[in-house]
Amino acid sequence: MKRFITKNIILVSFLLFSLESISAATITATGGNWNAPGSWDLGRVPACGDIVVIPLGISIHIAANVNLDGAGCAPLTIQCAGSITFANGRKIRLSAGGCVQVSLTGIISPSGGGGGASELIEIAGENWWQASFGTLFGTAAGVNLGCGVLLPIELTNFSFENIDTKVLIQWTTASERENDYFFIEHSKDGHYWEEVGIVKGAGNSSVELSYELIDKNPFFGKSYYRISQFDINGISTVLSTQTNELVSTKYLLYPIPVNKSMFLEGNNLANSIVTILNSVGEIIEVEQSIMGDKISFNFSEVKNGAYFVSIQNDNTKKTERIIVVHK
């Protein structure tokens, strides 16, 4: 009898150890086949209860059937901002409560050679998508397959404004549920992410709310921004991943102080709006002449004092202070 009890204790301990060693987590795709451990940042394939994140620009291929609908298998959530493609006849099966969230940039597509119902996504035995439906594209509000639980955040906007060498990040929510805070990250390649900042959420809300955060150290050129939400229990949800492009533009104003004429040199001036403002922000009419990548200004009729030059285009919003002194 004593030996029987000992064996059972050892067996229970082994089972607990096994469960702990593959505990559910947020697992992010790096690209490749679903069933290849190297396709995921944790070095293992997704398991029951995981939150699976497929970032923008990343593709996961279903080369073999994915079956996470076994007895006792906790619901798995897939958050797709990249793409999921199916080999001919392959399937994803999730347990009850499983969820596939397809954001604005997300794509789920069949093999192209199968058709019918040969490729499909099934949740609790119910068919939510199949190859004959064609390619599934995400929307701004997101497309949810399954997802019986209400999403914690209804995100209606996630956008950027480039101001000089900084990026103003703005987002809007239509509703929030048990929302503790937002977590903003940026990435140069869509694989490796760095924290930009944290913004406190509203908790619970059913009205439109707007938020913003400035990235003081952005990447130049094309980069990626990701917004996640953490609820009061510490559970995170990736809400959206978007791209931004910040062009490094340098401008030269001379001579300073200005007597009668001033020149502005820089990139993309032909597609820029350049205005002269007084100290209270009013636009001052100053004659301008464009010569290639140079603009000349006639200040002969402008009174002495401090003014501002505002330069705006698709990639830049910059303001420089100047002094006008007629000799």
Side-chain angles (χ1 to χ4, degrees), residues 28-31 41 53-59 79-83 103-107 138 140 155-172 181-199 210-229 236 238-254 256 262-277 288 290-297 308-322:
T28 302
T30 57
D41 64 341
V53 179
I54 304 175
L56 176 66
I58 298 299
S59 180
Q79 299 172 352
C80 180
S83 63
S103 66
L104 176 61
T105 57
I107 300 173
L155 188 72
T156 56
N157 173 63
F158 183 46
S159 59
F160 318 97
E161 181 181 352
N162 298 325
I163 304 175
D164 294 340
T165 58
K166 300 178 178 64
V167 177
L168 174 63
I169 308 165
Q170 299 175 306
W171 64 98
T172 305
Y181 62 90
F182 297 96
F183 185 65
I184 312 299
E185 301 167 281
H186 66 188
S187 171
K188 183 61 179 175
D189 58 9
H191 293 271
Y192 301 99
W193 296 88
E194 299 176 2
E195 176 183 343
V196 176
I198 292 173
V199 175
S210 297
Y211 299 87
E212 64 180 38
L213 178 68
I214 294 178
D215 185 356
K216 298 180 181 179
N217 298 291
F219 295 106
F220 286 98
K222 181 180 179 181
S223 63
Y224 302 85
Y225 283 87
R226 182 167 72 186
I227 179 171
S228 302
Q229 175 269 344
S236 66
V238 177
L239 301 176
S240 182
T241 304
Q242 302 289 347
T243 59
N244 184 53
E245 186 163 2
L246 179 62
V247 177
S248 177
T249 306
K250 295 183 179 180
Y251 296 99
L252 177 63
L253 286 165
Y254 64 92
I256 303 295
M262 183 188 74
F263 299 92
L264 168 64
E265 293 185 7
N267 299 328
N268 201 30
L269 290 178
N271 298 315
S272 301
I273 299 174
V274 181
T275 52
I276 309 300
L277 309 172
Q288 302 181 20
I290 299 178
M291 302 173 291
D293 286 338
K294 179 189 292 186
I295 301 179
S296 66
F297 301 84
F308 296 89
V309 181
S310 172
I311 308 164
Q312 296 187 55
N313 53 48
D314 290 340
N315 300 304
T316 303
K317 182 178 180 181
K318 189 176 183 66
T319 302
E320 296 283 353
R321 184 175 183 269
I322 61 173

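Counting only heavy atoms from C-beta outward, the side chains of Phe183 and Glu185 approach each other to under 4.5 Å. Put simply, the side chain of Ile276 reaches to within 4.5 Å of the side chain of Phe297, judged on heavy atoms. Counting only heavy atoms from C-beta outward, the side chains of Tyr251 and Glu265 never approach each other to under 4.5 Å. Considering only heavy atoms from C-beta on, Leu246 stays 4.5 Å or farther from Phe219 through its side chain. The shortest distance between side-chain heavy atoms of Leu213 and Trp171 falls below 4.5 Å.
For Thr105, the side chain to side chain contact (heavy atoms under 4.5 Å, CB included) partners are Leu56, Ala81, Ser103, Gln242, not counting sequence neighbours. With sequence neighbours left out, the side chain to side chain contact (heavy atoms under 4.5 Å, CB included) criterion links Leu168 to Glu161, Ile163, Gln170, Glu212, Ile214.
Taking OH of Tyr211 as the reference point, atom CG of Leu155 lies at 10.5 Å (rounded to 0.5 Å). A distance of 8.0 Å separates OG1 of Thr319 from CD1 of Ile311, quoted to the nearest 0.5 Å. Remark: Thr30 OG1 to Asp41 CG distance equals 7.0 Å, nearest 0.5 Å. How far CZ of Arg321 is from CG of Leu277: 13.0 Å, rounded to the nearest 0.5 Å. Between atom OG of residue Ser223 and atom CG of residue Asp215 there is a gap of 7.5 Å, rounded to the nearest 0.5 Å. Rounding to the nearest 0.5 angstrom, the gap separating the CD1 atom in Ile54 from the CD1 atom in Ile107 is 11.5 Å.
Between the side chain of Lys188 and the backbone N or O of Lys222 there is at least one donor-acceptor pair closer than 3.5 Å. In this structure a side-chain-to-backbone donor-acceptor pair under 3.5 Å is present from Thr156 to Thr172. Without hydrogens or angle criteria, Ser187 side chain to Asp189 main chain gives a donor-acceptor distance under 3.5 Å. The closest donor-acceptor contact from the side chain of Asn162 to the backbone of Thr165 lies at 3.5 Å or more, if one exists at all.
The two residues Phe158 and Arg226 make their nearest non-hydrogen contact at CZ-C, 4.2 Å. When all heavy atoms of Lys216 and Pro218 are compared, the pair lying nearest together is C-CD, 3.4 Å. Taking each heavy atom of Pro55 and Ala29 in turn, the nearest pair found is CD-O, 3.6 Å.
Judged by distance alone, the side chains of Ser236 and Ser228 never bring a donor and an acceptor atom under 3.5 Å apart. Between the side chains of Gln229 and Tyr181, no donor-acceptor pair is found at a separation under 3.5 Å.
Annotation: His186 is not in aromatic contact with Tyr224 [ring centroid separation under 6.0 Å not met].
Evaluated for a side chain to side chain contact (heavy atoms under 4.5 Å, CB included) with Val196, the options Asn217, Val167, Ile184 yield exactly one hit, Ile184.
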Open item on the list: Applying ring-ring contact (aromatic ring centres under 6.0 Å, His included) to Phe160 and Tyr225, what does each step give before you reach the verdict?
Closed with: CA-CA 9 Å; Phe160 318 97; Tyr225 283 87; 4.8 Å; yes
TODO: Decide yes or no on side-chain contact (heavy atoms from CB on, under 4.5 Å) for Leu264 and Tyr254, but give the supporting numbers first.
DONE: CA-CA 7 Å; Leu264 168 64; Tyr254 64 92; over 6 Å; no
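Applying the 6.0 Å contact sphere to CG of Leu252 captures more than 12 heavy atoms from other residues, nucleotides or ligands.
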